[in-house]
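Below: the structure, in structure tokens.
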Amino acid sequence: MQIHTAQATRDALPFDRLIPTLRAMFISGCRVPPRHVHVVGDEAAGGGFTSLIMPAWLDAPQPPGDAGPGPGAGAGAGVDATPRSCYGVKIINIAPGNAALGLPGLHASYLLHDGRTGVPLALLDGDQITARRTAAASALAAGWLARPDARRLLVVGAGRIAALLPEAYRVVRDIGPVTVWARSPARAEALAAQWRSQGLDASAVHDLPSAVAAADIVSCATLATEPVILGRWLRPGSHLDLIGSFTPAMREADDDCVTGATVCVDTEEALLKSGDLIGPLARGVLRAEDLCANTLAALARGQAPGRRSAQERTVFKSVGTALEDLAAAMLVLQAQSRGA
């Protein structure tokens, strides 16, 4: 069994390969049963954590040939034409009390097996897989939903995923100025400085409404439980990417953000998990049948139109899926076998 460190996992997942890999997997599909959720220990006393167990498997090799219409198409893009059948399981432990101990609140690992024999193939860094596939999924969606001339990116949040978003978006759009807003101005300034060291035209902003109004793409990666983005701030033709709300108690956008917009989701599971959708669905602002028809799989297969006009506002809401984890883990294994 191969063991891939955080650095090795990160190096095997460049966004120009990961984004088309996700697209190919959304087209072909794989088996994704419901995730398991367990509470370990006593969270109320600050000593426990929530553990998510996310399995997925690929029953048969994907057929060779073109992956279909959309961003990332082309010879050599994405997964191998005939990958091995694989079974993968990600374990994510979320421990809010770790902050008091000076430890990260999230730890993840990923174990990949041969899908025919059950033989373990690789143990991978789950934190890197989660962060990179999440940013890649947002960029993949933007390939269909953001205006072709979208350049101004606003990142809301300053965590691990937020830091990756400009790099991912640059694969699908000609991103120019990048701004960042966070509840902690110091963290926003530090992230902007990090991006500038990477050659980006980046700056921190403190006036969030004005920054939203100036942006072509607004990408939120926060742990907010109340709306951070208000729909009245968004400009016509903008694209709003909502990453952070992955439980019913979490929310990044108000109802006005989705009213009158084309709203897409990563999978139908988002309708049951995200506070950004559950409330608007209950109030009749959104219709479940519209969201179920506008998933990443439907976009990748050409079954949903994506953006239809320059003035249309679009929204993408993701909660994550084990399909993305499996695609990323398989890509790491393939990169190692090629010596990449």
query: Does one side chain, of S138 or D241, offer a donor that lies under 3.5 Å from an acceptor on the other?
result: yes
message: Less than 3.5 Å apart, any donor N or O on the side chain of T262 or R308 sitting next to an acceptor on the other?
response: yes
- request: Examine distances only and state if a side-chain atom of R23 and a backbone atom of A137 form a donor-acceptor pair shorter than 3.5 Å.
  value: no
message: Taking side-chain contact (heavy atoms from CB on, under 4.5 Å) as the criterion, tell me which of L124, L18, T134 meets it with I129.
response: L124
message: For residues V319 and I92: do they belong to one hydrophobic cluster (side chain heavy atoms under 4.5 Å, members Ile, Leu, Val, Met, Phe, Trp, Tyr)?
response: no
query: Are T50 and V37 close enough that some pair of their side-chain heavy atoms sits under 4.5 Å apart?
result: yes
message: With side-chain contact (heavy atoms from CB on, under 4.5 Å) as the criterion, how do F49 and N98 come out once you've worked through the C-alpha distance, each side chain's angles and the decisive distance to 0.1 Å?
response: CA-CA 9 Å; F49 57 89; N98 278 7; over 6 Å; no
message: Could you measure the distance from the CG atom of D201 to the CG atom of L153? Nearest 0.5 Å is fine.
response: 11.5 Å
- prompt: So, R307 side chain and L145 main chain: donor-acceptor pair closer than 3.5 Å or not?
  reply: yes
task: Please check if the side chain of D127 supplies one atom and the backbone of A108 the other of a donor-acceptor pair under 3.5 Å.
output: yes
- request: Please lay out, stage by stage, how T267 and T321 fare under the test side-chain contact (heavy atoms from CB on, under 4.5 Å).
  value: CA-CA 7 Å; T267 68; T321 169; 3.9 Å; yes
query: Between the side chain of R152 and the main-chain N/O of V178, is any donor-acceptor distance below 3.5 Å?
result: no
- prompt: Can you name the nearest heavy-atom pair linking A168 to A135, along with the distance?
  reply: CB-O, 3.7 Å
message: To the nearest 0.5 Å, what is the distance between NE2 on H38 and CG on N93?
response: 11.0 Å
field: Cluster overlap L58 with L323, hydrophobic side-chain contacts below 4.5 Å
entry: yes
query: Side chains of Q2 and L333: closer than 4.5 Å at any heavy-atom pair?
result: yes
field: Shortest non-hydrogen contact between A298 and A293, atoms and distance
entry: CB-O, 3.6 Å
message: If hydrophobic clusters are built by linking Ile, Leu, Val, Met, Phe, Trp and Tyr wherever their side-chain heavy atoms come under 4.5 Å apart, do Y87 and L121 end up in the same one?
response: no
message: Could you check whether atom CZ of R196 has more than 12 heavy atoms from other residues, nucleotides or ligands sitting under 6.0 Å from it?
response: yes
message: By the definition side-chain hydrogen bond (donor to acceptor under 3.5 Å, both in side chains), identify the one residue from T5, D11, T9 that meets it with Q7.
response: D11
message: Counting C-beta onward and ignoring hydrogens, is there a side-chain heavy-atom pair between F26 and E324 closer than 4.5 Å?
response: yes
field: Test salt bridge (Lys or Arg N to Asp or Glu O under 4.0 Å) applied to D149 - qualifying residues, sequence neighbours left out
entry: R147
- request: Would you check, one step at a time, whether the test salt bridge (Lys or Arg N to Asp or Glu O under 4.0 Å) holds for K317 with D266?
  value: CA-CA 7 Å; K317 176 67 209 124; D266 53 353; over 6 Å; no
- request: Run the salt-bridge test on D325 and R133 with the 4.0 Å N-O cut-off and return the result as yes or no.
  value: yes
task: Determine, stepwise, if the pair Y110 / I91 fulfils side-chain contact (heavy atoms from CB on, under 4.5 Å).
output: CA-CA 7 Å; Y110 197 91; I91 299 177; over 6 Å; no
- request: Verify the distance criterion only: is there a donor paired with an acceptor across the side chains of E252 and T222 at less than 3.5 Å?
  value: yes
query: How many angstroms lie between atom OG1 of T21 and atom CG of L331, to the nearest 0.5 angstrom?
result: 4.5 Å
statement: Nearest heavy-atom contact between Q128 and A6 is CG-O, 3.5 Å
query: Are any side-chain N or O atoms of R251 and backbone N or O atoms of A253, one a donor and one an acceptor, separated by less than 3.5 Å?
result: yes
task: To the nearest 0.5 Å, tell me how far E268 CD sits from C292 SG.
output: 3.5 Å
query: Linking I/L/V/M/F/W/Y whenever any side-chain heavy atoms sit under 4.5 Å apart, do L13 and I19 land together?
result: yes
- request: Considering only Ile, Leu, Val, Met, Phe, Trp and Tyr, and joining two whenever side-chain heavy atoms are under 4.5 Å apart, list the other residues clustered with V258.
  value: L154, V156, W181, V205, L208, V212, V218, V228, I229, L230, W233, L234, L240, L242, V263, V265, L271, L277, L281, V285, L286, L291, V315
- prompt: Below 4.5 Å, heavy atoms only, C-beta onward: do M25 and C30 meet side chain to side chain?
  reply: yes
query: Is there a donor-acceptor contact under 3.5 Å from the side chain of S238 to the main chain of R235?
result: yes
Side-chain heavy-atom pair H239, F316 within 4.5 angstrom cut-off: yes
Full working for side-chain contact (heavy atoms from CB on, under 4.5 Å) between H206 and E189: CA-CA 10 Å; H206 306 291; E189 293 286 356; 3.5 Å; yes
- line: On a heavy-atom basis, the closest approach of A188 and V180 is O-CG1, 3.4 Å
field: Exceeds 12 heavy-atom contacts within 6.0 angstrom, atom CZ of R232
entry: no
field: Interatomic distance, N294 atom CG to Q303 atom CD [nearest 0.5 angstrom]
entry: 11.0 Å
Close side-chain approach of L326 and V32, heavy atoms under 4.5 Å: no
- request: Give a yes or no answer on whether the side chain of S197 reaches the backbone of Q194 with a donor-acceptor pair at less than 3.5 Å.
  value: yes
- prompt: Should we count CZ of R10 as having more than 12 external heavy atoms under 6.0 Å?
  reply: yes
query: Any ion pair linking R132 and E167 (charged N to carboxylate O, less than 4.0 Å)?
result: yes
Short side-chain to backbone donor-acceptor contact, R187 and A158, under 3.5 Å: yes
message: Could you report the tightest heavy-atom contact between R313 and C257, atom names first, then the distance?
response: NH1-O, 2.7 Å
Side-chain donor/acceptor of S274 to backbone N/O of D276, under 3.5 Å: yes
message: Check whether R35 reaches the backbone of A322 with its side chain - one donor and one acceptor, N or O, closer than 3.5 Å.
response: no
field: Nearest heavy-atom neighbours spanning A139 and V172
entry: O-CG2, 3.4 Å
field: Gap between atom OG of S245 and atom NZ of K273 - 0.5 Å precision
entry: 12.0 Å
task: State plainly whether the residues R151 and D216 are in salt-bridge range, i.e. N to O under 4.0 Å.
output: no
message: Applying a strict under-4.5 Å side-chain criterion to I, L, V, M, F, W and Y, I'd like to know whether L52 and L106 cluster together.
response: yes
task: Check the side chains of S109 and K90 for a donor-acceptor pair under 3.5 angstrom, ignoring hydrogens and angles.
output: no
